[in-house]
Amino acid sequence: MIGGKIYSSDDLDFEFSVPFSTKSEPDMTEISIYNLSPTSIANIKKGTKVFLNAGYQEEIGLLASGVVSKFGTTMEGVDKKTTIKIASGIIAWEHQKLQKTYAPGTTTQDILKDLLPQFGVGIGDLQPTKNITYQKGRTVSGRLKDIVVSLAKESDSKFYINQDKVFFRTKNKGNPTGFVLSGATGMIGSPEKSEIEKKEGWKVKSLLNYQITTDTLIQIESKTVKGVFRVVKGRHTSDWVTEMEVVAK
């Protein structure tokens, strides 16, 4: 869906790459659509709202949402290829600046309740590891992104934006889903051992699954590894594959 208008793979050819991670900078999704009409192309502008849904059969769900950051149209042979790059909260991330002073006794959480909505997204979680009380008050000044990243460092927390929600939480916290990933539910091959976040982790591949994204908690059942794991990063692609890197819960 681009600017409220729905486009379907029944009618047009799509390519997409949807990264997701726990890094602070918003992940940039790239979507290419072939042979859009001139009117549809003209309606794409920086800041236009976009949602990308995909899946198998009836199992279709949200892969990415955000606003257009960059866009352009090129010719590939006889085909017209329109590529858009979208991310959640990207306009505020790139441009928002502020200066504010908070009263004595203000906490990290108080400041974040004020600042995070300025990214223009909802709050998925707001539970800093250390909720510091600023006895003498606190003044913040500069770019919004730098202020929030600094608060994350001070409070020993992670901060990221995903699917139009901002998360500020304990580093090892995840989102329970109850989803079991196995050969029967779409796992491709066997997990490969890898160092992730300076811990023992695994690289896992499956058929495209919209339920898997940043901080998803999934149960993995394979010959090489079993247990509950947290998704640290990964990517959905138009090859209809989801790749992910996971660590033990």
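Computed from heavy atoms alone, side chains included, the values below leave out hydrogens, waters and symmetry copies.
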Could you tell me if the side chain of [Y] sits less than 4.5 Å from the side chain of [X], heavy atoms only?
X    : Y    : value
T22  : F167 : no
V247 : V231 : no
Q96  : R143 : no
D13  : I33  : no
E25  : W93  : yes
P19  : R235 : yes
L207 : I188 : yes
L217 : K249 : yes

Study note, to complete from the structure: Between S32 and T83, the two heavy atoms sitting closest are OG-OG1, 2.8 Å
**Study point:** Closest non-hydrogen atom pair between D164 and S88, with its separation
**Key:** N-OG, 2.8 Å
Point to revise | Candidate pair L208 and V241, rule side-chain contact (heavy atoms from CB on, under 4.5 Å), full reasoning | key: CA-CA 4 Å; L208 184 77; V241 168; over 6 Å; no
If we ignore angles and hydrogens, is there a donor and acceptor under 3.5 Å between the side chains of [X] and [Y]?
X    : Y    : value
S222 : T224 : yes
Y34  : T82  : no
T216 : T213 : no
S21  : D27  : yes

Has the side chain of [X] got a donor or acceptor atom that lies under 3.5 Å from a matching backbone atom of [Y]?
X    : Y    : value
Q163 : L63  : yes
N53  : L62  : yes
S206 : M187 : no
K45  : A42  : yes
T133 : G105 : no
S8   : D10  : yes
T170 : K173 : no
N131 : Q109 : yes
S157 : T129 : yes
Y56  : W240 : yes

Practice item. Apply side-chain contact (heavy atoms from CB on, under 4.5 Å) to the pair E221 and V180, showing each step before the final yes or no. Key: CA-CA 7 Å; E221 297 287 344; V180 179; 3.8 Å; yes
Got more than 12 heavy atoms from elsewhere within 6.0 Å of [atom1], [X]?
X    : atom1 : answer
K23  : NZ    : yes
K80  : NZ    : yes
K49  : NZ    : yes
E192 : CD    : no

How many angstroms lie between [atom1] in [X] and [atom2] in [Y], if you round to the nearest 0.5 Å?
X    : Y    : atom1 : atom2 : value
M1   : T48  : CE    : OG1   : 13.5 Å
L126 : L112 : CG    : CG    : 5.5 Å
I132 : T106 : CD1   : OG1   : 12.5 Å
F20  : K233 : CZ    : NZ    : 10.5 Å

Point to revise | Derivation of the side-chain hydrogen bond (donor to acceptor under 3.5 Å, both in side chains) call for T242 and N209 | key: CA-CA 6 Å; T242 297; N209 191 323; over 6 Å; no
Practice item. Decide salt bridge (Lys or Arg N to Asp or Glu O under 4.0 Å) for K203 and E243; before the verdict, give the C-alpha distance in whole Å, the side-chain angles of both, and the deciding distance to 0.1 Å. Key: CA-CA 7 Å; K203 291 183 178 181; E243 299 174 343; over 6 Å; no
Point to revise | Trace of the side-chain contact (heavy atoms from CB on, under 4.5 Å) decision for S9 with F14 | key: CA-CA 7 Å; S9 58; F14 290 81; 3.8 Å; yes
Review point. Could you go step by step and tell me if K85 and E30 meet the salt bridge (Lys or Arg N to Asp or Glu O under 4.0 Å) rule?
Key: CA-CA 5 Å; K85 294 184 177 182; E30 182 170 299; 3.8 Å; yes
Practice item. Take N175 and D215, measure what side-chain hydrogen bond (donor to acceptor under 3.5 Å, both in side chains) needs, and give me the verdict at the end. Key: CA-CA 6 Å; N175 304 317; D215 270 351; 5.3 Å; no
Review point. Does the ring center of F119 lie less than 6.0 Å from the ring center of F159?
Key: yes
Review point. Passes side-chain hydrogen bond (donor to acceptor under 3.5 Å, both in side chains), S17 versus T237? Steps please.
Key: CA-CA 5 Å; S17 177; T237 72; over 6 Å; no
Practice item. May I have the step-by-step check of side-chain hydrogen bond (donor to acceptor under 3.5 Å, both in side chains) for D110 and T107, ending in yes or no? Key: CA-CA 5 Å; D110 293 333; T107 65; 3.0 Å; yes
Review point. Between V18 and V68, is there a shared hydrophobic cluster once you connect ILVMFWY residues whose side-chain heavy atoms come closer than 4.5 Å?
Key: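 V18 clusters together with V68.
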Exercise for review: Is it possible for you to check whether R138 lies under 6.0 Å from the centre of the six-membered ring of Y134, through NZ or CZ, and within 45° of that ring's axis?
Suggested key: yes
Exercise for review: With side-chain contact (heavy atoms from CB on, under 4.5 Å) as the test, would you mind laying out the steps for L144 and D146 before giving the verdict?
Suggested key: CA-CA 6 Å; L144 174 63; D146 294 334; over 6 Å; no
